[in-house]
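For the numbers below, each heavy atom of this structure counts, side chains included, while hydrogens, waters and symmetry mates do not. Note that ligands are numbered from 1 as they come in the structure, with each ligand's atoms numbered from 1 the same way.
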Amino acid sequence: MFDEVISFIQDTYKTIEHIPLHEPKLIGNEKKYLNECINSTFVSSVGKFVDDVENRLADYTGAKFAIATSNGTSALHTALLLANVERNEEVITQALTFVATCNAISYCGAKPIFLDVDKDTMGLSPSALKEFLENNTSIKNQKCINKKTGKVIKACIPMHTFGMPCRVDEIKNICDKYHIFLIEDAAESVGSFYKGKHTGTYGQIGVMSFNGNKIITAGGGGCIVTSNETLAKRAKHLTATAKVVHKWDFYHDMIGYNYRMPNINAALLLAQLENIDNFIDKKRELAYLYEEFFNDTSYSFVKEPTDCKSNYWLNSIIHKNKQQRDEFLSETNLNGVMTRPIWKLMHKLPMFQNAQCGNLRNAEWLEERVTNIPSSAIL
Ligand SMILES: Cc1ncc(COP(=O)(O)O)c(C=O)c1O
């Protein structure tokens, strides 16, 4: 039943061997920079490659500052600390996301509130956000108070699902009106732009991941982007154990974190950054091939909506129903073509089962129908 899709993917990747969902492409200066890094002996948390990638990331995204971190989750945790999210406060995010977004909220002792996504972007829906805030909150002393719990809603984290930008300009306007700090989870959307601006640069802070499965990788790594100098300085300080800079003395002025990206990871990332435009061109070509192919089938391929330029990190298709999705997952994986369902909604996980939720109609619909298909750039 799914033979046609399996054959198309095998023909596209020119192999009948196992086809992964997304593999890193290490085709540039990776070995050269890693050797340079090893020869310098600066393999750990200081070194020239860290400075280089931070400058490049700021340039590439258009943010004034980029702070490299050990991974995307630590970047998210730091972003929430910079927003002063405290124990027993609340943070709005989408029900349809990767668990790291919500884990980071829990690291602060805060509680997530799960809202719906838009069907086309699969990211936080501005209308769901507006409706929830209008019906459930009041403003007191420039703070947004949840009428049901009496708690402060301090921040909001929309996520750009699979690299598809969500309507983050509208989300920003709503957050501003309600005194809510906006952190974009752009872990999956390095190289994706909304209305010509890089994802992650609409919020006060944006967060990215360079895990091995992402569009570019540091092995493991992440970053925080911001155009606010005070936040950037605090981010550097917090991620470097809050050590007050001094040539020999140890003085830490608060509880800090060891969240800096090691120089050896930055060496790998620099080589990857040099190739990012090429990777994105190739991934967009692949998405176009998929789009054409799926036009003539009973699935729909998830295309970038107007105003979005997606990196097409993971290509997605929408099945008629859950049964077709489950059969597709089983048949493709048994035939060596790796596919995956979208995540379970966050409030269905044991640790978030008591969280407050809005109406999750679109998220529920997508949860049953979306699968990712192989998406590695073909070079
Ligand atoms: C949406 C989202 N947020 C956060 C993360 C966390 O990034 P990392 O794996 O680098 O910690 C990931 C990916 O892994 C992600 O997909």
Side-chain angles (χ1 to χ4, degrees), residues 20-24 53 57 66-81 83 91-108 112 114-115 117 121-124 155-166 168 171 182-192 194 198-200 202-203 205-225 235 239 257-262 265-266 268-269 272-273 302 310-316 340-346 349 351-352 363 366-367 370 372 375:
L21 202 64
H22 201 279
E23 62 182 3
V53 297
L57 283 165
I67 297 93
T69 59
S70 51
N71 53 53
T73 311
S74 58
L76 271 169
H77 183 201
T78 308
L80 287 158
L81 295 169
V91 177
I92 292 175
T93 190
Q94 57 203 61
L96 188 72
T97 185
F98 179 60
V99 70
T101 322
C102 314
N103 284 342
I105 296 170
S106 303
Y107 299 164
C108 300
F114 297 120
L115 299 188
V117 293
T121 67
M122 299 184 287
L124 186 67
C156 172
I157 315 184
M159 197 275 279
H160 303 287
T161 305
F162 305 139
M164 209 57 83
C166 65
V168 65
I171 292 172
L182 179 61
I183 297 167
E184 287 174 75
D185 185 343
E188 306 183 352
S189 63
V190 177
S192 297
Y194 183 67
H198 198 283
T199 52
Y202 283 83
I205 299 181
V207 162
M208 291 166 199
S209 165
F210 307 113
N211 189 30
N213 63 346
K214 295 296 185 297
I215 187 153
I216 53 168
T217 184
C223 83
I224 290 168
V225 291
T239 53
Y257 298 82
N258 183 10
Y259 280 171
R260 290 285 283 152
M261 178 185 286
N265 296 91
L268 192 69
L269 183 60
Q272 292 270 289
L273 272 165
V302 180
S310 174
N311 65 6
Y312 282 104
W313 170 52
L314 289 185
N315 292 297
S316 323
R340 255 191 353 197
I342 203 165
W343 313 283
K344 291 218 165 21
L345 300 189
M346 289 299 114
L349 303 181
M351 56 285 195
F352 303 121
L366 291 164
E367 183 194 28
V370 174
N372 294 131
S375 300

For [atom], grab the closest protein heavy atom and report residue, atom and distance to one decimal in Å.
{"atom": "atom 13 (C) of ligand 1", "answer": "K214 NZ, 2.8 Å"}
{"atom": "atom 11 (O) of ligand 1", "answer": "T73 OG1, 2.5 Å"}
{"atom": "atom 16 (O) of ligand 1", "answer": "E188 OE2, 2.5 Å"}
{"atom": "atom 12 (C) of ligand 1", "answer": "F98 CD2, 3.5 Å"}
{"atom": "atom 8 (P) of ligand 1", "answer": "G72 N, 3.4 Å"}

Between [X] (side chain only) and [Y] (backbone N and O only), is there a donor and an acceptor less than 3.5 Å apart?
{"X": "H160", "Y": "D185", "result": "no"}
{"X": "S316", "Y": "V302", "result": "no"}
{"X": "S192", "Y": "G163", "result": "yes"}

Could you go through the side chain to side chain contact (heavy atoms under 4.5 Å, CB included) check for Y312 and M164 one step at a time? CA-CA 7 Å; Y312 282 104; M164 209 57 83; 3.9 Å; yes
Which of the numbered atoms in ligand 1 are below 4.0 angstrom from a heavy atom of [X]?
{"X": "G221", "answer": "10 (O)"}
{"X": "A100", "answer": "4 (C), 5 (C), 6 (C)"}
{"X": "M159", "answer": "1 (C)"}
{"X": "A187", "answer": "2 (C), 3 (N), 4 (C), 5 (C), 12 (C), 15 (C)"}

Option nearest atom 7 (O) of ligand 1 (shortest heavy-atom distance, choices S209, S189, A104):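 Comparing heavy atoms across S209, S189, A104, the nearest one to atom 7 (O) of ligand 1 lies in S209.
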What is the distance from atom [atom1] of [X] to atom [atom2] of [Y], rounded to the nearest 0.5 Å?
{"X": "N211", "Y": "I216", "atom1": "CG", "atom2": "CD1", "value": "12.0 Å"}
{"X": "T69", "Y": "Y257", "atom1": "OG1", "atom2": "OH", "value": "14.0 Å"}
{"X": "T217", "Y": "E23", "atom1": "OG1", "atom2": "CD", "value": "12.5 Å"}
{"X": "I215", "Y": "M208", "atom1": "CD1", "atom2": "CE", "value": "12.0 Å"}
{"X": "I157", "Y": "M159", "atom1": "CD1", "atom2": "CE", "value": "11.0 Å"}

At a non-hydrogen distance cut-off of under 4.0 Å, which region of N71 contacts ligand 1 (side chain, backbone, both, or neither)?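 Both backbone and side chain.
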Hey, does D185 come in under 3.5 Å of ligand 1, counting only N/O atoms on both sides?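 Looking only at distances, the answer is yes, because the N/O contact criterion of under 3.5 Å is met.
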Quick check on A75 - does any of its heavy atoms sit under 4.0 Å from an atom of ligand 1?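 Per 4.0 Å heavy-atom rule, A75 does not contact ligand 1.
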